[in-house]
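Proteins get letters first, then strands, A, B, ... in listed order; numbering begins at 1 in each.
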4 protein chains.
Amino acid sequence: MVTDFAKRNCQVSPSGTLEVLSQREIAVLIAASQDTSQSSLFELFRRCALAVMNTGNETDDAAAMFAKYHDFTIELAQRTRGLKLVIKNAPASAFVEGRMIEGIRQHLFSVLRDIVYIGTESLWDNGGSLDGEGITDAVFHILNHARVLDPNRRPNIVVCWGGHSISRPEYEYTKEVGYHLGLRGLDICTGCGPGAMKGPMKGAAIGHAKQRATSARYLGLTEPGIIAAEPPNPMVSDLVILPDIEKRLEAFVRLGHAIIVFPGGVGTAEEVLYLLGVLLHPKNADIYLPVVFSGPQSAAPYFEQLDKLITLVFGESARERYRIITDDPAGVARYLNKSIRKLRSHRRESGDAFYYNWLLHMPEEHQHPFEVSHESVSKLRLTRDLSPADLAVNLRRVFSAIVTGNVKANGVAMIKEHGPFEISGDPEIIEAVDAMLMSFVEQGRMKLPGSDYEPCFRVVSKSAQ
Amino acid sequence: MVTDFAKRNCQVSPSGTLEVLSQREIAVLIAASQDTSQSSLFELFRRCALAVMNTGNETDDAAAMFAKYHDFTIELAQRTRGLKLVIKNAPASAFVEGRMIEGIRQHLFSVLRDIVYIGTESLWDNGGSLDGEGITDAVFHILNHARVLDPNRRPNIVVCWGGHSISRPEYEYTKEVGYHLGLRGLDICTGCGPGAMKGPMKGAAIGHAKQRATSARYLGLTEPGIIAAEPPNPMVSDLVILPDIEKRLEAFVRLGHAIIVFPGGVGTAEEVLYLLGVLLHPKNADIYLPVVFSGPQSAAPYFEQLDKLITLVFGESARERYRIITDDPAGVARYLNKSIRKLRSHRRESGDAFYYNWLLHMPEEHQHPFEVSHESVSKLRLTRDLSPADLAVNLRRVFSAIVTGNVKANGVAMIKEHGPFEISGDPEIIEAVDAMLMSFVEQGRMKLPGSDYEPCFRVVSKSAQ
Amino acid sequence: MVTDFAKRNCQVSPSGTLEVLSQREIAVLIAASQDTSQSSLFELFRRCALAVMNTGNETDDAAAMFAKYHDFTIELAQRTRGLKLVIKNAPASAFVEGRMIEGIRQHLFSVLRDIVYIGTESLWDNGGSLDGEGITDAVFHILNHARVLDPNRRPNIVVCWGGHSISRPEYEYTKEVGYHLGLRGLDICTGCGPGAMKGPMKGAAIGHAKQRATSARYLGLTEPGIIAAEPPNPMVSDLVILPDIEKRLEAFVRLGHAIIVFPGGVGTAEEVLYLLGVLLHPKNADIYLPVVFSGPQSAAPYFEQLDKLITLVFGESARERYRIITDDPAGVARYLNKSIRKLRSHRRESGDAFYYNWLLHMPEEHQHPFEVSHESVSKLRLTRDLSPADLAVNLRRVFSAIVTGNVKANGVAMIKEHGPFEISGDPEIIEAVDAMLMSFVEQGRMKLPGSDYEPCFRVVSKSAQ
Amino acid sequence: MVTDFAKRNCQVSPSGTLEVLSQREIAVLIAASQDTSQSSLFELFRRCALAVMNTGNETDDAAAMFAKYHDFTIELAQRTRGLKLVIKNAPASAFVEGRMIEGIRQHLFSVLRDIVYIGTESLWDNGGSLDGEGITDAVFHILNHARVLDPNRRPNIVVCWGGHSISRPEYEYTKEVGYHLGLRGLDICTGCGPGAMKGPMKGAAIGHAKQRATSARYLGLTEPGIIAAEPPNPMVSDLVILPDIEKRLEAFVRLGHAIIVFPGGVGTAEEVLYLLGVLLHPKNADIYLPVVFSGPQSAAPYFEQLDKLITLVFGESARERYRIITDDPAGVARYLNKSIRKLRSHRRESGDAFYYNWLLHMPEEHQHPFEVSHESVSKLRLTRDLSPADLAVNLRRVFSAIVTGNVKANGVAMIKEHGPFEISGDPEIIEAVDAMLMSFVEQGRMKLPGSDYEPCFRVVSKSAQ
């Protein structure tokens, strides 16, 4: 359809949080919008806004998108009675009969709210000055400001993680699981984007419709770095942009009442290690949070590898924290439905809120952004003398480095220049990691810069030397 | 999933119209429920109820379904405060966590309401004693009783017709059209069942979700004879069971604000001829009702054949009543959106209701059920001396006879016993009909009793002799 | 304010039940509207419509009102899409800024619905052909058609009876009771009009507002004969016009979950006797319905007289059916709130509906209209050999005759022409009735045709002769 | 009713803004609640909370109330999931059936929100460090935080000012005006408390009910210093406590779309002078804000005096800013209804918000609290060489001093100790003020410390010396 490649101009007004602003708040926003340097918040907003409006034209080639819409502009116009976005050369696919699709309009103002409005406050933690408790508080305020925390809803949020470029049968499987969750009145929370992030929402929408569940929610939590590659589907009813990966992960685990891990790649493994790093912390021994790993039969090897690494690193008892359910979408939904009822009584007994898991202890290392570099990676030790929780922190950082070294532009360049990252640790652990990565390559779960897999890291020392 | 073949027992209470009944109304329903003869209303209800609960287990083999659930029972239990359905051995797929899916529960009580409650009133027209005006009134009351007529909604109902066993690309096309209708806030009304009846609803649901259209409707109009073969998808938000095909067709054209014809077979052709028989009636010269024939490129031949027959029979001017749009889902939606705005001003000027097209003149021959038999068919003349409207009436009855003779059990038996139906008419018309049927066979659009197509009719005389 | 005496013209369209009508229903209404004979339904409607629109200009002199608005006209205009009322020379007080007050508009269409629309159906029981069960059913359908029966509300309807021209302190007392009922989330149902019918509603409105009870209801049940003298206050949220006094009384006792009797006159005494005639019927021994007689200290003698008559006639045990609470508005509300909770469990146990007391047995003599004449009154025996329930039936009819003979135009004329009614009965009972009436006169609770009280009846025989 | 003097204990949880708080916000509140010094925010909250719960027990003797409930305590209890108020020895009249009246519960949390939660922020302006623009912004945020600013409502807020201890006919008149405003769908905003602040709300409630206006609002703006003497009626749907008189006055004029001045005393005169000081400022020449002075015939002298003083001081042209309407409640409502339509187009043209009058220029002297003392008063010049706007500022401060010197405990003490305030100004102006005060005394509109009126000020100098 040729028209979809056309470009459109328009003016839109906000609804929601940004609808009523003081003259000063508007002035701050306008000032921010006039800083057009490449690194400014407003330029970040501009790029995210384009990604949000380009949804549906599926591609994870963000560069191509920015090239095509190089003349896209977005400006804040001050009106005494509020503000307006003046948009030029936007993707025509965001419009129907000359009006912006309502879901996209809402996302646009979610992005403005979270990046520019919140971004000018300390909550955004630009200087990295917040401590762990401060970060937990900031995540709370960002979610609350987005009106996501509703004290009058029963626990029913199922967080779904997994790859964004999974196989067709795996995608269909995530839809099927979503459908059975929807039939049980459970809401879906994902990281936005295609694949395992979209399937559960589409399936749940059918389930909710069949049950006439009119207030169902589809929560999308994202961050500026990935929104271009994984733009939110307009079905997402509540979009929140967290400042960075770590705050986004914290939002997932404090907001969710259950977590499903679908098949993915290294990124999904990173999320799993983050999660276990939290749940296996001794201070969280009394916290109840149901976790399921699930996929169709074809995904069984993926979870076997994960399971093997986990038990090797954390011991057999780590298995108490998750359950693997293969090829049984209704079974997954039944189990989580029951588990969430159990969670409800746990929360009641402990006095914790339904809408935010305050009592969960979060190791502070999990909260601060990890900057990947040869130096930072070389300091990560993967040794058995660490506590399982600390080991999980390091392991998840290693996976973060691998994702960077394998596919992110800056990471690939680093490896080219300085050679592979050097990781020190117990050989047994390193080998297990390596074996898992090899199996991911075999299963086609690794996006690689070249045609052959060449590890971007090497072992340099034994553990605890 | 093995559990789906299991059977379940349950008790359910009504919501909606049947929630508050007088003791006498309950007594009448109970009395009807105790007449268990094969031809009774309650037995009809039982069969339709099973079909509604068996939804999703897609098959158009009603006989197989009845065999499998031969021990399914449904009883009305009197409670002073209301009534209850006591159900045994129902398809387990209708339940989630031991509770009936809400959409199915609502359909179940729609069936009870329309077949047993309305069925015991004169509206059901069992004796065929209503005249044309009375039938129009009865259709109105049945729809109103089902709370489908809403004076506070703007015209936005798009009726979608087409085959229930179309090809995958055609099905995807209907979804795409539905999506673009949904993006424009248009509601969908179909005849229930799979194929072209389901696609537009599924597509529209996505469009509505993206536009946050929370009060969208998915209307399903069916009749007892086809509900088993074409059970309503639980997404249907408003299900109405009309007493017979003719009243169902009248409901479509009085309720709809636009009509799309997707590719189908002989049945779809019958609907088109019914529609033109109404719209081309001289008394309807001032009535505006937009009609679009649409499908993917592969369906172009289907509409060419239809168009050829129509213009041959009714003349070129008949084309003013419909537009053929090929392979352009967004274009269909754009055109209808504009047309419905035009219809709105037409209705305002003429003083007609938005929710029911009272001013449309309905030829009484279109309203009374046509009983197919060798004798009744032999009386149908297809000659050019008839007015186009009368010719349309006869032609639609011929197609009704062909559907019966080709695929319905009783029709196939008739042909076997008495030979083909005899149709008299102008050779040119008869030949055009024949040519169209041959092309349907070639396109795989005819469900046939045998492997080769053998016409179930023959020409016996020239026109107007 | 001079403008209030002006007259206005306007056109109004219905909302609610009459919003969507078939062409035939409209035709029936139009036909009814063209019968302008004095005794026609439409003339009855016209008079009631004027009363409804004249609300607030408080007077119980209906004749004066009809004289002033002698040129008031109301016509039904047919529109294809619905109907309209064309009104001329209506009281200007019904309008604000040229628009009819919404509450009055709703009442106007309630009157049209109940008198003209329902009036042309058998439910209206014009020919008196319904039997007891049929009448109960008709009352149900009239209430249901008015959308008053809501299966999703908890029992909370308190029926308030009492005089329409009570003293200021008594009026303030009814407001105070209403306030305390409103604070407890209880809804009010009265007979419309001023005095004890208006006070509880005004008080409850304040109580409801303080509790933020947004879905509170103010039900008004009236009948054509009294609507002119006691027009509904526009605060009445649900107005229903029952065909006659007896059906209105039945509506009260089947709809209400508690009954308060405030001070009144002979009419109130008649209602109390009706109520006891029902509750003391042996078949109602298991029915629970809380009844309170209440007023300020100054009203104590009124209730003493009532109590004396009741216990004399029915025995001490009749007192189990009611409680007298003097000068304690909060106490009344507390007692009823507790009692209604008890009623709820009674209904649950017996399986009776919350919204209509089906299980209450209604003596058929209570259901048929009693036509007052010398002959019909002479047949009423007040003797102790009758069952208490039968005695109550006769006694309430005697009070009906006294109201008629004392104040209604036709009754006063009867007495003038034929002398007092003759009543036969046990002297003790007759004397008690007489004593009560004398005390009413002393308390100023009797509206009398002349300045001295002259009984309109005399005793003619002993009981049981 | 004896029970009303009883005391009750209870625990209540918040709804609205305070329902979802972070752990840190709760900690700040808890800390504030532990500062129990007499001058602490929490002690202020405690006193206001008691006033709110004592509503209905009408008295403006705050001291007596605090004496009676000397053992009243209120504590904040921390719960992980939110917070709770633990209350002991509260007025029993705030409870029904053991539960706090919902309207009172909401007010209690409005007080907590505005005094303790907002009070710990800079918005409260405790240090007086905000400049004019900052104050305007703070008022906006306090109102917005209270969810009073709704961008989706049409302008319809009528601010009503006037005395809290007016005569019965004047009170009835304010009710009547409120009734006619309510019939026109206008909302009421007052300063809380009895008299002219309660009458319009009670009247409007009836008008709204008759028009079925379900989303009507009753806004109460108060400040800590007067809440005890003028507690909000529980009918107030939106209660906001502004930090001081000046911010409360600014809230009135930025929020209101029209202002009615009912009869009052010196306080009301002070408000009128404030208002004219704003409206007559040259920068506000293009601002449209309708103002009406109204009362029954008996109040005509009050407005004559006001009018005389105003025109003397500001010239005849000041009359363009207000209209005096005597004894015509419906006329007041008609005029304001029309005026607010005009205001709507003014706002549209100027681009100003409907919900907050940003473009109104506020002289900074009007915004900062004026501390009454002999010294501060002696600096106020009432001379004709000042601009009318500046003169209004000084004059309103003089009235503020008179209120203080006449009735406030600290003011009366000052006068006793140091003699009357000394005011310098043009004799003509001083005499006009004096004459007006004398007439107020004659009309019984002055609350005086002694039995004879003895002016608390004297003239010390001519103008412009």
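Of the N and O atoms on the side chains of Tyr173(B) and Ser298(B), not one donor lies less than 3.5 Å from an acceptor on the other residue. A donor and an acceptor atom, one from each side chain of Tyr179(A) and His208(A), are nowhere located under 3.5 Å apart.
Heavy atoms only, all atoms of each residue included: Met100(B) and Gln211(A) are closest at O-OE1, 4.4 Å.
Relative to the six-membered ring of Tyr335(A), Arg323(A) meets both conditions, a distance below 6.0 Å and an angle of at most 45° to the axis.
Interface check for chain B: of the options Lys338(A), Met235(A), Arg99(A), Gln106(A), the most heavy-atom pairs under 4.5 Å are formed by Gln106(A). Heavy-atom pairs under 4.5 Å with chain A were tallied for Ala213(B), Ala209(B), Pro234(B); the largest tally goes to Pro234(B).
Proximity to chain A is absent for every atom of Asp327(B), based on heavy atoms less than 4.5 angstrom apart. At a 4.5 Å heavy-atom cutoff, the contact between His107(B) and chain A is made by side-chain atoms alone. Looking at Lys202(A), the atoms closer than 4.5 Å to chain B (heavy atoms on both sides) all sit in the side chain, from C-beta outward.
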Checklist line | Verdict with reasoning, Arg153(A) to Asp187(A), per side chain to side chain contact (heavy atoms under 4.5 Å, CB included) | finding: CA-CA 11 Å; Arg153(A) 296 178 87 100; Asp187(A) 288 342; 3.3 Å; yes
